[in-house]
Protein chains: 2
Amino acid sequence: MSELSKKQQIVSASDLLFYQRGYAATSFADIAEAVQISRGNFYYHFKSKDSILDAVISLRLANSHKLLRDWESCSLSAAERIGCFINRLLVKQTDIMRYGCPVATLNTELAKLNHPAKATASMLSTVFRTWLRRQFFLLGEKSSADLLAMHLLSRSQGAATIANTFGEQKLLQQEVQLMHDWLRTCIKLPAGNISTPSLASA
Amino acid sequence: MSELSKKQQIVSASDLLFYQRGYAATSFADIAEAVQISRGNFYYHFKSKDSILDAVISLRLANSHKLLRDWESCSLSAAERIGCFINRLLVKQTDIMRYGCPVATLNTELAKLNHPAKATASMLSTVFRTWLRRQFFLLGEKSSADLLAMHLLSRSQGAATIANTFGEQKLLQQEVQLMHDWLRTCIKLPAGNISTPSLASA
DNA sequence: GTCTATACTGAGATAGAC
DNA sequence: GTCTATCTCAGTATAGAC
């Protein structure tokens, strides 16, 4: 068989479909087609659609942690790691222009649906918030680390939103550049482009 | 009867519900209950759900134009008018924390649904983009007016998103303050708080 | 574990009486 | 213009055979 269990295939296909079409708009038929099983067979693996959502959020949390660990294991400086975060928008620009930021769009959808999983979904944002906060802390911005972290998170989600709305790649690239500029001035670093190394690590 | 026609009532109730629950998640039953008519009676006024969406977008466009006209008719300076735009986030902070930015969330939802009305919905963002661009132009930022307009639009939508995700009022207020600070430094204006007059005009 | 068949629900939409 | 009744379809979920 394949390298992944059927259950894992369902979760990973749902992950993609929830991102591309939204949670509510994705039906079991869509997922069943993607993983090539019958609709009825779902309930052997998951007891409800909500439980698939829970599994998808867990998967995304795990993937986010892995991403952050990868950026750290490159043993870059904190400023370069933040640069990696900013450049993530470029690495994912095609998807972002079509479907927006995966974290933000899931959160806003669940907020409107008043869905019980909203709280755990917001943990996806918290992971990046906490990580960014620590990077700014390491840069010496001890008192305003959270403010800076939230500011950057806010700007990255805003950039993703306008790129998705207008479908203009240039907008995303402009905002990424402005974020790098902001990072350079807000921390008192010597010049030198921090954006070069970070694009490599997708 | 009431001051609004039944058709107008349907549009305005749908406007609110589409914002609060999302377009797809709002059913005719929801709208019917809100305006106190029977489900079957819808089709006298609108031939489909999509046509209600078109009407809602038209209404929002008209309301946006009216809002911008109001800010202009106060005969403030261009900088103060931009301040009004920024402060809009504070005026609407309760709704934004619950339901996000009305413009951004509709756009992202329609993008995921691949809905034909996505293009006209993006006009809602374009209205603000164009208006902001003109304000920056009037401030003397002739070559980078569009860049500055999109930057501010991006930041306002990002601020709305994180406030909605984390449910922390303070985050929204912090970002609003940073936008005012940015505005003051990006245009070479004498000091003096530009946020004071703009909160008045909701 | 995987399938088919089916129950049940709520959605958008239509027909026709009043 | 507004109503009730009804159609059709897609969605989630279940039952039970293999």
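Throughout, a chain's letter reflects where its sequence line sits, starting with A, and its residues are numbered from 1. All values below come from the heavy atoms of this structure, side chains included, with hydrogens, waters and symmetry mates left out.
Within the 4.0 Å cut-off from OP1 or OP2 of C:dA11, at least one side-chain nitrogen or oxygen of B:Ser27 is found. For D:dA13, one of the phosphate oxygens OP1 or OP2 lies less than 4.0 angstrom from a side-chain nitrogen or oxygen of A:Tyr43. Remark: A:Asn41 is in phosphate contact with C:dC3, judged by side-chain N or O atoms under 4.0 Å from OP1 or OP2.
Listed nucleotides C:dA11, D:dT12, D:dC3 differ in distance to B:Ala29; the shortest reach to its side chain belongs to C:dA11. Taking the side chain of B:Ser48 as heavy atoms from C-beta on, and the options D:dT12, C:dC3, C:dA13, the nearest nucleotide is C:dA13. Listed nucleotides D:dT12, C:dG1, C:dA13 differ in distance to A:Tyr44; the shortest reach to its side chain belongs to C:dG1. In the set C:dC3, D:dC3, D:dT2, C:dC3 carries the atom at the smallest distance from any side-chain atom of A:Ser38.
A ring-centre distance under 6.0 Å is not found for B:Phe28 and B:Phe46.
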**OP:** Quick one: do B:Tyr19 and B:Arg98 satisfy side chain to side chain contact (heavy atoms under 4.5 Å, CB included)? Show the steps, please.
**Re:** CA-CA 10 Å; B:Tyr19 175 43; B:Arg98 276 197 226 178; over 6 Å; no

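In this structure, the CZ atom of B:Arg39 is 9 Å from the C1' atom of C:dA11, given to the nearest Å. Look at CD1 on A:Ile31: it is 11 Å from P on D:dA13, rounded to the nearest Å. Atom CZ in A:Phe46 sits about 13 Å away from atom P in C:dT2, given to the nearest Å. Taking atom NE2 of A:His45 as the reference point, atom C1' of C:dC3 lies 12 Å away to the nearest angstrom. When the P atom of D:dC3 is taken as reference, atom CZ of B:Phe28 falls 15 Å away, rounded to whole Å. Nucleotide D:dG1 holds its P atom 13 Å from the CD atom of B:Gln9, rounded to whole Å. Straight-line distance from the CZ atom of B:Phe42 to the P atom of D:dC3: 11 Å, rounded to whole Å. Straight-line distance from the CD atom of A:Glu33 to the C1' atom of D:dA10: 15 Å, rounded to whole Å.
Ring-plane geometry between B:Trp182 and B:Phe136 is classed as perpendicular, the angle between the planes exceeding 60 degrees on a 0 to 90 degree scale with a lower cut at 30.
Side chains of B:Arg155 and B:His151: a donor-acceptor N/O pair is present below 3.5 angstrom, by distance only.
Each of B:Thr130, B:Leu106, B:Val103 was scored for a side chain to side chain contact (heavy atoms under 4.5 Å, CB included) with B:Ser125, with one residue passing: B:Val103.
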